[in-house]
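Have a look at the structure below before the remarks.
Quick note: residue numbers are just sequence positions, from 1.
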Amino acid sequence: MKNQYEIAKETILKSDYEIKGLKTFMGMEGYGVNASLYYKGKKIAFIIDDGNGGCLNIDYLDAKKYSYVPSHITEFLKTLPSFTNKEQGFEFREDEIDRIDEEDFCNILINHKLDQREFKKCLNKVSVLTDDDKISTYKAKASDLDKKYNFKEGIMTFRDYVLRDKSIQLILNDMPKDDAYDVYMQHR
């Protein structure tokens, strides 16, 4: 069963907002990012986290038009469910209720984009789900799965070689991408 934070996150990821042009770098106190925020395919803001321990800076392209945050974003954020900080993974008072703000909203979109990038790298290699519910990768490229190789056990495809290991539950590369992404996110 999903908690309120997970429902809000899912709502954000299904919305008309997306991140493009994401770049990461090392700052003084962690990783930083540069990215553009798009709404219905139109660029509306530039986002920067300089990695120096401060807040996320969101510069709207038409700043004169907005007093602070565009109304379509504030209205969207109001529709999201409230949640306890415990649902988000923080140990605060149990009864403390929070709302996702503009920074949380952008960070959810950024983290999703980073997850997609890592998933794409994972699928470039032969990736499997093992019995201990871990994602493992081989050095072989995904395109090599059906090529034949000469192994110590004889000539076989790389797929047959992988499946000889009884601890392999499934090969992610064989699944539809959406299903493989769900498995990757559950077990990474």
Side-chain angles (χ1 to χ4, degrees), residues 1-27 29-38 41 47 49 51 56 80-81 83-91 100 103-188:
M1 188 163 123
K2 294 179 183 170
N3 64 37
Q4 297 298 332
Y5 178 76
E6 290 167 337
I7 293 168
K9 183 177 173 182
E10 191 174 279
T11 304
I12 290 169
L13 296 177
K14 289 181 179 178
S15 72
D16 291 326
Y17 297 94
E18 67 178 318
I19 294 293
K20 292 184 181 179
L22 179 65
K23 294 183 179 39
T24 59
F25 57 89
M26 190 60 158
E29 292 189 26
Y31 288 101
V33 296
N34 290 336
S36 295
L37 177 63
Y38 283 74
I47 301 168
D49 179 346
L56 197 65
L80 298 175
F83 58 92
T84 65
N85 281 302
K86 191 170 186 176
E87 286 178 305
Q88 196 177 2
F90 299 114
E91 292 294 331
I100 291 181
E103 186 173 357
D104 296 329
F105 167 76
C106 289
N107 279 326
I108 287 169
L109 290 169
I110 289 167
N111 289 335
H112 178 69
K113 192 63 138 181
L114 291 170
D115 289 341
Q116 287 178 323
R117 186 183 287 174
E118 288 303 311
F119 170 69
K120 188 176 177 183
K121 284 183 195 175
C122 178
L123 277 193
N124 286 336
K125 298 177 182 177
V126 175
S127 301
V128 297
L129 177 65
T130 60
D131 279 344
D132 58 355
D133 288 331
K134 302 266 189 232
I135 301 293
S136 297
T137 58
Y138 290 86
K139 290 184 181 179
K141 295 178 186 174
S143 59
D144 293 341
L145 263 170
D146 293 316
K147 289 183 181 176
K148 290 190 177 188
Y149 293 93
N150 190 9
F151 294 99
K152 184 171 54 174
E153 297 86 359
I155 297 174
M156 65 181 87
T157 64
F158 196 77
R159 176 186 313 281
D160 292 336
Y161 175 76
V162 168
L163 293 175
R164 287 179 55 119
D165 184 348
K166 298 302 179 200
S167 69
I168 303 299
Q169 289 185 30
L170 56 92
I171 299 174
L172 267 65
N173 307 82
D174 290 341
M175 301 175 70
K177 278 193 178 182
D178 290 342
D179 295 341
Y181 182 73
D182 291 341
V183 169
Y184 173 80
M185 291 304 293
Q186 289 174 9
H187 300 286
R188 63 184 172 127

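In this structure, Ile47 and Asn34 have side chains that are not in contact, with every pair of non-hydrogen atoms separated by 4.5 Å or more. Side-chain contact between Asp133 and Gln186 is absent, with no heavy-atom pair separated by less than 4.5 Å. In this structure, Tyr5 and Ile108 have side chains that are in contact, with non-hydrogen atoms separated by less than 4.5 Å. Between Met156 and Arg164, the closest side-chain pair of non-hydrogen atoms falls below 4.5 Å.
One distance of note links CZ of Phe158 with CG of Asp146; it measures 11.5 Å at 0.5 Å rounding. Note that the NE2 atom of His187 and the CG atom of Asp132 stand 10.5 Å from one another [nearest 0.5 Å]. For the atom pair CD of Gln116 and CE of Met185, the computed distance is 9.0 Å after rounding to the nearest 0.5 Å. The distance from atom CD1 of Ile171 to atom CG of Leu123, rounded to the nearest 0.5 Å, is 12.0 Å. Rounding to the nearest 0.5 Å gives a distance of 10.0 Å between CG of Leu114 and CG of Asn107.
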Given side-chain contact (heavy atoms from CB on, under 4.5 Å), test Ile110 with Asp49 step by step and report yes or no. CA-CA 11 Å; Ile110 289 167; Asp49 179 346; over 6 Å; no

For Lys9 and Glu6, run salt bridge (Lys or Arg N to Asp or Glu O under 4.0 Å): C-alpha distance rounded to whole Å, both residues' side-chain angles, the deciding distance at 0.1 Å, then the answer. CA-CA 5 Å; Lys9 183 177 173 182; Glu6 290 167 337; over 6 Å; no

Output, in order, the C-alpha distance, side-chain angles, deciding distance and verdict of salt bridge (Lys or Arg N to Asp or Glu O under 4.0 Å) for Lys147 and Asp144. CA-CA 5 Å; Lys147 289 183 181 176; Asp144 293 341; 3.2 Å; yes

Between Ile12 and His112, is a side-chain contact (heavy atoms from CB on, under 4.5 Å) present by the stated rule, with each step listed? CA-CA 10 Å; Ile12 290 169; His112 178 69; over 6 Å; no

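Within 6.0 Å of the OH atom in Tyr31, the count of heavy atoms belonging to other residues, nucleotides or ligands does not exceed 12. Annotation: Asp131, atom CG; neighbour count of heavy atoms from other residues, nucleotides and ligands within 6.0 Å is above 12. By the neighbour-count criterion of 12 heavy atoms within 6.0 Å, atom OH of Tyr181 is densely surrounded, having more than that number from other residues, nucleotides or ligands.
Contact detail for Phe105 and Leu37: the closest heavy-atom pair is CE2-CD2, 4.4 Å. Scanning all heavy atoms of the two residues, the minimum distance from Ala8 to Leu80 falls at O-CD2, 3.9 Å.
Using cut-offs of 30° and 60° on the angle between ring planes, the pair Tyr184 and Phe119 is tilted.
Considering only residues two or more places apart in sequence or on other chains, Lys139 meets the salt bridge (charged side-chain N to carboxylate O under 4.0 Å, His left out) condition with none of them.
Screening Val128, Thr130, Leu129 for a side chain to side chain contact (heavy atoms under 4.5 Å, CB included) with Leu170, the sole residue that qualifies is Leu129.
Asn173 places a side-chain N or O within 3.5 Å of a backbone atom of Ser127 that can act as its donor or acceptor partner. No side-chain donor-acceptor contact under 3.5 Å links Lys125 to the backbone of Thr137. The closest donor-acceptor contact from the side chain of Arg117 to the backbone of Leu22 lies under 3.5 Å.
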